[in-house]
Number of protein chains: 2
Amino acid sequence: MARSSQTETAVLGALSVEPMTGYALRESIRDVLGHFWSESFGQIYPALAELERQGLVRRRGSSRPGSSTFAITASGRARLRQLLAQPIQPVPPRNGLMLRLFFGRHLGPEACRSLVLEAKADAERRQAQYEAIRRELEHEENHTEDRPFRLLTVSAGEHTTRAAIAWADEAIAALKDIDAANDAPEQRRRR
Amino acid sequence: MARSSQTETAVLGALSVEPMTGYALRESIRDVLGHFWSESFGQIYPALAELERQGLVRRRGSSRPGSSTFAITASGRARLRQLLAQPIQPVPPRNGLMLRLFFGRHLGPEACRSLVLEAKADAERRQAQYEAIRRELEHEENHTEDRPFRLLTVSAGEHTTRAAIAWADEAIAALKDIDAANDAPEQRRRR
DNA sequence: GGGCACATGTAAGCTGTTACATGATTAA
DNA sequence: TTAATCATGTAACAGCTTACATGTGCCC
């Protein structure tokens, strides 16, 4: 039951929107869920096969490549609801940027600054993407039932990136102070 | 070189502050780095053994349990600097909350609301922890060289949790609207 | 007819977690 | 003397990534 079928959840969820091929599925997971979820493609086809075996999805059309799509079945929808209702599995944090900053003394303020600037640029890029998704969602006619829920996730992304940008600015200022504190004695000596 | 020695980074980093036993090391990683980094304990001892073999850490005292501590060596420090300078390995996102909200239509606004409330409570708990760490850091006399860098990571945590709380409030309001939109037609019919 | 995007899979291998095994020391 | 905590490991396994293998259909 708790068989970590997180891949199943993502696959069933994507198919709950519309039937598609395995190939389209992996693109959908990459492009649509990509901001907060990822599946390695080596998992998708096996998961799909297992779901088919359990009758949770059905292959439409011949099994010849290029002509078959996978559709979720009624029991698949039931299973999806069941999976979504299960407790969230916490992901152990692994924030490489924070690890480097925490031991930043060994790295030096300059290198830390670069890392923070990179992170800021990253956040700004994502911010632009969220805005684009929001615009798209707000003008789209399809999936109006899903829209408000999707907007929740976009909004979460926007809040997160805004916070990242604000933090980055603060961090850059702080790193300048560290630099100044290090330089000050030397400069005094030099003059 | 790129051998995913992220565990080594964390271990060397922790030992760069002060020598300690493997047991203390794992507690330190859990309690101090825990907010943004995690290591499974099954990795720490093998990593420690490998680092010892490479001369990057040295075992002080007898090898009898309870009396030996591990200390970082000069070449260990050099290795740490090298590891910290390596490019950050991006973690594939796996945000269970967002996955559930994205497909929230199948879950219903009520269940989504619970999830968001849980997330908010979580963020508030972490917020309190960050405040405590900040106070501790600002009053501590030790590790003054590390302090400004550690404060950067605390600040990142604070920004992130503040954003999470703000988003949660917004999301709860949005979910109320969804509920209202669903109820309205029924209520009209009933009256 | 050559290249590209579509399409479906498999297998090796690495990473990381969990559970287990063992024993010393200390506090109640 | 029993339980808890400190301390050090190992081994099995689950999960995931990567690279590979294979083939189709379409467009230039």
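By convention in this document, chain letters (A, B, ...) are assigned in the order of the sequence lines, proteins followed by strands, and residues within each chain are numbered from 1. Values below: all heavy atoms of this structure, side chains included; hydrogens, waters and symmetry mates excluded.
- Under a 4.0 Å N-O distance rule, the pair B:R162/B:E158 does not qualify as a salt bridge.
- Distance A:R30 CZ to C:dC6 P: 9 Å, rounded to the nearest Å.
- Comparing D:dT17, D:dG9, C:dG9 by their nearest atom to the side chain of B:R59 picks out D:dG9.
- One interatomic measurement links the two molecules: CD of B:Q6 to P of D:dT17, which rounds to 15 Å at whole-angstrom precision.
- For A:E27 and C:dC4, the CD to P distance is 17 Å, given to the nearest whole Å.
- Residues satisfying the salt bridge (Lys or Arg N to Asp or Glu O under 4.0 Å) test with A:D179, not counting sequence neighbours, are none.
- Sorted by first and then second residue, the salt bridge (Lys or Arg N to Asp or Glu O under 4.0 Å) pairs involving residues 139-156 of chain A (not counting sequence neighbours) are A:D146-B:R105.
- For the pair A:Y23 and C:dT8, the criterion of a side-chain N or O lying under 4.0 Å from OP1 or OP2 is not met.
- We find that A:R79 and A:E8 are joined by a salt bridge, their nearest charged nitrogen and carboxylate oxygen being less than 4.0 Å apart.
- Nearest to the side chain of A:Y45, among C:dT17, C:dT8, D:dA7, sits C:dT8.
- In this structure, CD of A:E39 is placed 15 Å from C1' of D:dT18, rounded to the nearest angstrom.
- A straight line from CG of B:L48 to P of D:dT10 spans 12 Å, rounded to a whole angstrom.
- Heavy atoms of other residues, nucleotides or ligands lying less than 6.0 angstrom from CZ of A:R58 number 12 at most.
- Taking for each of A:Q43 and B:F70 the nucleotide of DNA chain D with the nearest heavy atom, the 5'-most of the two is the partner of B:F70.
- The listed nucleotides are C:dT17, D:dT17, D:dA7; the one nearest the side chain of A:P92 is C:dT17.
- Atoms CD1 (B:I44) and P (D:dT10) sit 14 Å apart, rounded to a whole Å.
- Set against C:dG16, D:dA7, C:dT8, the side chain of B:S40 has C:dG16 as its closest nucleotide.
- The side chain of B:P46 approaches D:dT10 more closely than any other nucleotide in the set D:dT8, C:dG9, D:dT10.
- Side-chain nitrogen and oxygen atoms of A:S68 include at least one within less than 4.0 Å of the OP1 or OP2 phosphate oxygen of C:dT8.
- Here A:G22 lies in heavy-atom contact (under 4.0 Å) with sugar-phosphate atoms only.
- Residue-level contact check: B:R94 touches the backbone only, with heavy atoms under 4.0 Å from sugar-phosphate atoms and none from bases.
- The CG atom of A:L51 sits 14 Å away from the P atom of C:dT8 (whole-angstrom rounding).
- Counting to the nearest Å, the P atom of D:dT8 and the CZ atom of B:F41 are 13 Å from each other.
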